[in-house]
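This report refers to the structure that appears directly beneath it.
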Amino acid sequence: MIDAFDQYLLVTGGAGFIGSCFLENWVIKFSNIHFTCIDKLNYVSDHSTKYISNLLKLPNFKFVQKDIAVEYEYLCGLLVEDYENNRITGIINFAAESSVDRSFSSPLDFTQNNITSSHNLFECARLLLEKHPEVRNKFKFLHVSTDEVYGEQALREHVAECSNLKPTNPYAATKAAIDLIAQSYIYSFHLPITIIRSNNVYGPNQNKEKLIPMVLDKLKQYENQLKAKEPITEKITIHGNGTNKRTYIHVQDLITAIELLWMKMDDDLESDSQKVLTQTYNIGTTYEIDNLSLVKYICDIYFAQRLSSLDVDYNSLITFVKDRNYNDSRYALNFDKMTELGWKPSIKMTDGIKQLVANLDS
Ligand SMILES: NC(=O)c1ccc[n+]([C@@H]2O[C@H](COP(=O)([O-])OP(=O)(O)OC[C@H]3O[C@@H](n4cnc5c(N)ncnc54)[C@H](O)[C@@H]3O)[C@@H](O)[C@H]2O)c1
Ligand SMILES: C[C@H]1O[C@H](OP(=O)(O)OP(=O)(O)OC[C@H]2O[C@@H](n3ccc(=O)[nH]c3=O)[C@H](O)[C@@H]2O)[C@H](O)[C@@H](O)C1=O
């Protein structure tokens with residue numbers, strides 16, 4: 001069979017926030033690579049392919065709506081039994097239920113979904129390399145984890161990839177569990193899984209349950225109600241007293257990091273080494289800010305860009321609500337390993353937020 005494409009990749013969770021931004025970038029940029037995206041289409045994309053709609057007709061893209069937590073047989077067929085037809089030798093795993101808030105109310109669903117979906121992928125990858133050992137010299141697996149697996153850091157503390165995993169919420173615990181299962185597959189089956197753990201990611205296509213898109217959505221509603229001379233109904237909701245801090249990375253900077261690692265994995269395969277394959281990488285920035293300051297920062301940009309004539313006391317737009325069961329105080333990553341590979345974040349938070357405000361009507 002003559003391969004129409006140089007590589008065949010499986011991307012899971014590609015209809016969601018980061019996955020869709022990744023696919024929007026890579027499917028267009030790498031026309032020599034074929035991408036199969038599997039996503040169950042949950043609430044984050046309104047149970048639709050709206051974030052990847054312009055990819056659906058491209059020759060190097062295929063979308064499959066499946067729940068990889070329950071479709072083990074399908075995955076096995078795609079990756080192992082029908083390898084000769086599908087020839088998938090690269091997996092990038094974004095798929096997960098990603099909301100900390102939702103994990104407090106349905107922890108078992110998070111365990112069932114997040115752990116089983118990723119473990120199904122690891123097991124299929126193991127079986128593929130067992131059945132087709134010749135694939136090992138071109139097989140890559142990038143698993144997307146999170147900084148939350150480390151739990152919170154004290155002031156001036158930074159965690160490196162070798163730091164202990166101390167998750168505090170059910171979502172983070174599922175992500176930590178997956179990382180530990182991945183580690184067992186690396187040791188026991190020499191499966192070349194590379195893991196990335198990033199700070200909070202922001203950018204287009206992010207569901208408005210998360211802080212930044214929530215603030216933008218509330219401000220847009222405020223603007224619409226103001227123009228329609230309707231009563232202002234919605235307020236920006238801040239958990240607790242707003243002093244919790246987060247560190248932010250623009251989704252494009254994360255994608256650049258993924259691309260660098262993917263190339264370094266190719267170098268490893270060509271030189272039969274494992275400098276990057278089987279490694280874990282923190283992907284972070286130094287843009288740390290407390291939640292209340294971030295909300296006011298976004299308001300500053302929003303009003304300057306869209307409502308410059310108004311002089312509004314932002315406190316009137318904000319309401320403080322009950323805090324999370326547990327709310328990590330801050331995450332601070334040591335990302336020297338990525339720096340040593342030549343990566344650094346390039347999108348300033350000001351520019352990233354301004355870009356989001358400017359694109360609100362698109
Ligand atoms: N957003 C962040 O700030 C952030 C930071 C660090 C790590 N992460 C990780 O990055 C990945 C993507 O995060 P996101 O913010 O884009 O999430 P998201 O919630 O926006 O998208 C996740 C996608 O995965 C899909 N999915 C979930 N379970 C699935 C299953 N069993 N089968 C098929 N599809 C499934 C969902 O339908 C959704 O489209 C997740 O693994 C998350 O843990 C996110
Ligand atoms: C690395 C993880 O980032 C995201 O998780 P996180 O909980 O940090 O993101 P959120 O945007 O949900 O919350 C950030 C911060 O804001 C508070 N907050 C949120 C929503 C709201 O309406 N009001 C708030 O005050 C919240 O308590 C937090 O302190 C990502 O979702 C996850 O997948 C990651 O891996």
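Just so you know, residue 1 is the first one in the sequence shown, and it goes up from there. Order of appearance sets the numbers: ligands from 1, and atoms from 1 within every ligand.
- Under a 3.5 Å cut-off, the side chain of Thr285 and the backbone N or O of Ile249 do not form any donor-acceptor pair.
- In terms of polar-atom proximity, Thr146 is counted as a contact of ligand 2, with an N or O under 3.5 Å from an N or O of the ligand.
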- Query: Which is it for Gln7 and Asn32 under the side chain to side chain donor-acceptor pair (under 3.5 Å) test, yes or no, and what are the steps along the way?
  - Reply: CA-CA 7 Å; Gln7 262 187 76; Asn32 63 319; over 6 Å; no

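- Taking the six-membered ring for Trp and thresholds of 30 and 60 degrees, Tyr185 and Phe122 have ring planes inclined between 30 and 60 degrees apart.
- Between Asp147 and ligand 2, no pair of N/O atoms sits closer than 3.5 Å.
- Residue Leu211 touches ligand 2 through backbone and side chain together, judged by heavy-atom distances below 4.0 Å.
- Nearest to atom 31 (O) of ligand 2 among the protein's heavy atoms is Lys210 NZ, 3.0 Å.
- Inspection of the Asn54 and Glu24 side chains reveals an N or O donor paired with an N or O acceptor under 3.5 Å.
- Contacts between Ser198 and ligand 1 below 4.0 angstrom, taking non-hydrogen atoms only, involve backbone and side chain alike.
- The CD atom of Gln153 sits 10.5 Å away from atom CG of Asn334, with the distance rounded to the nearest 0.5 Å.
- For ligand 2, the atoms closer than 4.0 angstrom to any heavy atom of Met214 are 21 (C), 22 (O), 23 (N).
- Side chains of Ser20 and Asn205: a donor on one and an acceptor on the other come within 3.5 Å.
- The single protein non-hydrogen atom nearest to atom 32 (C) of ligand 2 is Ser98 O, 3.4 Å, given as residue, atom name and distance.
- Among all protein heavy atoms, the one lying closest to atom 7 (C) of ligand 1 is Ser145 O, 3.0 Å.
- Thr243 and Asp290 share no side-chain donor-acceptor pair at under 3.5 Å.
- Here the heavy atom of the protein found nearest to atom 15 (O) of ligand 1 is Phe17 CD2, 3.6 Å.
- Distances below 4.0 Å separate heavy atoms of Asn199 from the following atoms of ligand 1: 5 (C), 6 (C).
- Looking only at protein heavy atoms, the nearest one to atom 9 (O) of ligand 2 is Asn200 ND2, 3.4 Å.
- Ranking the protein heavy atoms by distance from atom 11 (C) of ligand 1 puts Phe94 O, 3.1 Å first.
- Cluster membership check: Leu9 does not share its hydrophobic cluster with Leu121, using side-chain heavy-atom separations under 4.5 Å among Ile, Leu, Val, Met, Phe, Trp and Tyr.
- Contacts between Leu41 and ligand 1 below 4.0 angstrom, taking non-hydrogen atoms only, involve the backbone exclusively.
- The shortest N or O to N or O distance between Val201 and ligand 1 is below 3.5 Å.
- Under the 4.5 Å side-chain criterion, counting only non-hydrogen atoms from C-beta, Gln279 is not in contact with Ile195.
- For the pair Arg246 and Tyr287, the cation-pi test (distance below 6.0 Å, angle within 45°) is failed.
- Between Trp26 and Phe30, the ring planes lie perpendicular to each other; the angle is over 60°, past the 30° to 60° tilted range.
- Here the protein heavy atom with the shortest distance to atom 39 (O) of ligand 1 is Asp39 OD2, 2.7 Å.
- In this structure, Arg87 forms no cation-pi arrangement with Tyr8, as its terminal cationic atom is not both closer than 6.0 Å to the ring centre and no more than 45° off the ring axis.
- Considering both main-chain and side-chain atoms, Ile38 never comes within under 3.5 Å of ligand 1 through any nitrogen or oxygen pair.
- The single protein non-hydrogen atom nearest to atom 22 (C) of ligand 1 is Ala96 O, 3.4 Å, given as residue, atom name and distance.
- Proximity to Asn200 (heavy-atom distance under 4.0 Å) selects the following atoms of ligand 1: 3 (O).
- Under the 3.5 Å distance criterion, with hydrogens and angles disregarded, a donor-acceptor pair is assigned to the side chains of Thr233 and Gln225.
- Protein heavy atom nearest atom 17 (C) of ligand 2, with residue, atom name and distance: Asn291 ND2, 3.5 Å.
- Environment of NZ in Lys166: sparse, with no more than 12 heavy atoms of neighbouring residues, nucleotides or ligands closer than 6.0 Å.
- Residues Asn199 and Asp147 have side chains that bring a donor and an acceptor to within less than 3.5 angstrom of each other.
- Side chains of Asn113 and Asp109: a donor-acceptor N/O pair is absent below 3.5 angstrom, by distance only.
- Heavy atoms of Lys175 found under 4.0 angstrom from ligand 2: none, in either backbone or side chain.
- Considering backbone and side-chain N/O atoms, Asn244 never comes within less than 3.5 Å of an N/O atom of ligand 2.
- Residues Lys210 and Asn200 have side chains that never bring a donor and an acceptor to within less than 3.5 angstrom of each other.
- The atoms of ligand 1 that sit less than 4.0 Å from any heavy atom of Ala15 are 39 (O).
- Scanning all protein heavy atoms for the shortest distance to atom 22 (O) of ligand 2 gives Thr237 OG1, 3.1 Å.
- Every atom of ligand 1 is numbered from 1 in the order shown, and the set under 4.0 Å from a heavy atom of Ser98 is 17 (O), 18 (P), 19 (O).
- Compare Leu75, Ile68, Asn113 by their heavy atoms: the one nearest to atom 32 (N) of ligand 1 is in Ile68.
- Counting only heavy atoms of the protein, atom 2 (C) of ligand 2 lies nearest to Glu148 OE2, 3.4 Å.
- Counting atoms of ligand 2 from 1 in the listed order, those under 4.0 Å from a heavy atom of Ile238 are 25 (O).
- Side-chain contact check for Arg197 and Tyr331: no donor-acceptor pair (N or O, by modelled atom type) lies under 3.5 Å.
- Contact analysis leaves Ser45 out of contact with ligand 1, as no non-hydrogen atom separation drops below 4.0 angstrom.
- In terms of N/O distances under 3.5 Å, ligand 1 is not approached by Asp147.
- The option from Arg324, His239, Arg330 that lies nearest to atom 13 (O) of ligand 2, judged by heavy atoms, is Arg324.
- Under a 4.0 Å criterion applied to the non-hydrogen atoms of Lys66, ligand 1 contributes the atoms 32 (N), 33 (C).
- Phe303 and Tyr314 have their aromatic ring centers within a separation under 6.0 angstrom.
- Heavy atoms of Ser20 come nearer than 4.0 angstrom to ligand 1 in no pair at all.
- For Tyr171, every heavy-atom contact with ligand 1 shorter than 4.0 Å involves the side chain, none the backbone.
- The atoms of ligand 2 that sit less than 4.0 Å from any heavy atom of Val100 are 7 (O).
- The aromatic ring centres of Phe104 and Tyr326 sit 6.0 Å or more apart.
- Residues Asn359 and Gln355 bring no donor and acceptor atom of their side chains to less than 3.5 Å of each other.
- Among protein heavy atoms, atom 10 (O) of ligand 1 sits closest to Val144 CG1, 3.4 Å.
- The aromatic rings of Phe22 and Phe94 are tilted relative to each other, their planes meeting at an angle between 30° and 60°.
- Ranking the protein heavy atoms by distance from atom 34 (N) of ligand 1 puts Lys40 N, 3.1 Å first.
- Atoms of ligand 1 found under 4.0 Å from any heavy atom of Ile18 (numbered from 1 in listed order, with element): 1 (N), 4 (C), 10 (O), 13 (O), 16 (O), 44 (C).
- Within the listing of ligand 1, atoms 31 (N) sit less than 4.0 angstrom from a heavy atom of Ala69.
- Contact analysis leaves Thr12 out of contact with ligand 1, as no non-hydrogen atom separation drops below 4.0 angstrom.
- Below 4.0 Å from some heavy atom of Asp67 lie the following atoms of ligand 1, by number and element: 30 (C), 31 (N), 32 (N).
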